[in-house]
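Heads up, the thing below is written out as structure tokens.
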Amino acid sequence: MSTTATPVGSVDEAPEPSRRRGRRRLAHGAEAASHRSPAMTVAGYVGMLLVVLVVAVPLFWIVVTSLKHRQDIYVQPAQWLPDPATTNNYHDVTTRIPFLRYLRNSVIITVVLSLTKIVLGVLSAYALSLLRFPGRGVVFVVVIAALMVPNQITVISNYALVAQLGWRNTFQGIIIPLAGVAFGTFLMRNQFLSLPTEIIEAARLDGAGPLKLLWRVVLPMSWPTLVAFSLITVVNEWNEYLWPFLMSDDERTAPLPVGLTLLQNNDGVTNWGPVMAGTVLAMLPVLVLFLVLQRQMIKGLTAGAVKS
């Protein structure tokens, strides 16, 4: 009677080469980090400092100028701190122009346009990534091509079309031509493609339809990317200037960036105090929104970068 002995540890030996490769990669990464020269570290911190200065110094100067008296703005050499500080410029913003009307218009345009772009971006990305239909590849190529076309190229044709429709100085004339979602479709499609296929297939086997699959499974796993997409969209629409400037004639539809241009004098000398004060007030909503959602935004922008 003979028995065939099973080699001890044969089950565990199969994945051993992959484990060794993983250890070697970790050791190589740790060794590379430990051998990083101090000069490279210093150069990295210097680069970060320069980037911070490039971004922070103009913002600091805008805030400081908004708190200065008019005669102090043009002093040479320039004063980096207001002496004395004043809030009269912020009062001038609300009295020289109908600031609240422009603010209302910005909120309406940003909310409606952002919601439209988010909904269309999510639905189109879901269709291009997880649904099967003829011509899907062609549609995606068209979306990519739209990313390469600057909005300024289509201004003349869109203006002629909107003028023919009688939509000048209306909210629909401002919102509808800006409702394209090429970037959002591209970003959300990459995120949906990075999701585990096992979870998607399990949900389908459990009887989840397309909309239920999107709402209950896909979107909860894509929350960081959705937040990043939403934040980028809100900031872009809040700061939109060229198209609303061409479409609006007065405070009935003009957003805040267009209204702030009325603070500039046409007699050759601009009182930059109220202009900077209006800029600060226009920046505050999106700045607070970014500070609250910055972590989710960073996670969302990097979520689809590495696919396991």
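All values reported here derive from a predicted model rather than from experimental measurement. For the numbers below, each heavy atom of this structure counts, side chains included, while hydrogens, waters and symmetry mates do not.
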With a 4.5 Å cut-off on side-chain heavy-atom distances among I, L, V, M, F, W and Y, is there a chain of contacts connecting Val235 to Leu147? yes
Hydrophobic cluster membership, Val143 vs Leu120, 4.5 Å side-chain cutoff: no
Using modelled atom types and a 3.5 Å cut-off, is there a donor and acceptor pairing between side-chain atoms of Asp72 and backbone atoms of Lys68? no
If we ignore hydrogens and angles and just use 3.5 Å, is the side chain of Ser106 paired with the main-chain N or O of Leu256 as donor and acceptor? yes
Leu211, CG: over 12 other non-hydrogen atoms inside 6.0 angstrom: no
Closest heavy-atom pair and its distance - Met188, Thr225: SD-CG2, 3.7 Å
Determine the minimum heavy-atom distance between Leu187 and Phe229, stating which atoms define it. CD2-CB, 4.0 Å
Is Asp206 reaching over with its side chain to a backbone N or O of Ala208, donor-acceptor style, under 3.5 angstrom? no
I'd like to check Pro255 versus Tyr102 (side-chain heavy atoms, cut-off strictly below 4.5 Å). Are they in contact? no
Among residues at least two apart in sequence or on other chains, which ones pass side-chain contact (heavy atoms from CB on, under 4.5 Å) with Tyr159? Arg168, Trp243, Leu246, Met247
Grouping I, L, V, M, F, W and Y whenever their side-chain heavy atoms are under 4.5 Å apart, do Val64 and Trp80 come out in a common cluster? yes
Checking Thr86 side chain against Asn88 main chain: does a donor-acceptor pair fall under 3.5 Å? yes
Close side-chain approach of Leu113 and Ile174, heavy atoms under 4.5 Å: no
Non-hydrogen side-chain atoms of Pro257 and Glu240 separated by less than 4.5 Å: no
pair Leu289-Leu231: side-chain heavy atoms closer than 4.5 Å: yes
Can you tell if the side chain of Val93 reaches within under 4.5 Å of the side chain of Leu263, non-hydrogen atoms only? yes
ring-ring contact (aromatic ring centres under 6.0 Å, His included) partners of Trp215, counting only residues at least two apart: none
Got a sec, which pairs hit ring-ring contact (aromatic ring centres under 6.0 Å, His included) with one end in residues 119-150, sequence neighbours left out? none
Nearest atoms (heavy-atom pairs only) where Gly273 meets Ile73: N-CD1, 3.5 Å
Between the main-chain N or O of Val107 and the side-chain N or O of Thr110, is there a donor-acceptor pair closer than 3.5 Å? no
If you take all heavy atoms of Val55 and Pro58, which pair is closest and at what distance? O-CD, 3.6 Å
Please determine, by modelled atom types, if Thr233 and Ser114 share a side-chain donor-acceptor pair under 3.5 angstrom. no
Please answer whether the main-chain N or O of Pro177 pairs with a side-chain N or O of Asn158 as donor and acceptor at a distance below 3.5 Å. no
In terms of hydrophobic clustering (I, L, V, M, F, W, Y; side-chain heavy atoms under 4.5 Å; direct or indirect links), are Val155 and Leu161 co-clustered? yes
Any link between Val181 and Val111 through a network of hydrophobic side chains (Ile, Leu, Val, Met, Phe, Trp, Tyr) touching at under 4.5 Å? no
Checking the side chain of Thr170 only, and the main-chain atoms of Gly173 only, is there a donor and an acceptor separated by less than 3.5 Å? yes
Ignoring hydrogens and geometry, is there a side-chain-to-backbone donor-acceptor pair from Asn169 to Asp249 under 3.5 Å? yes
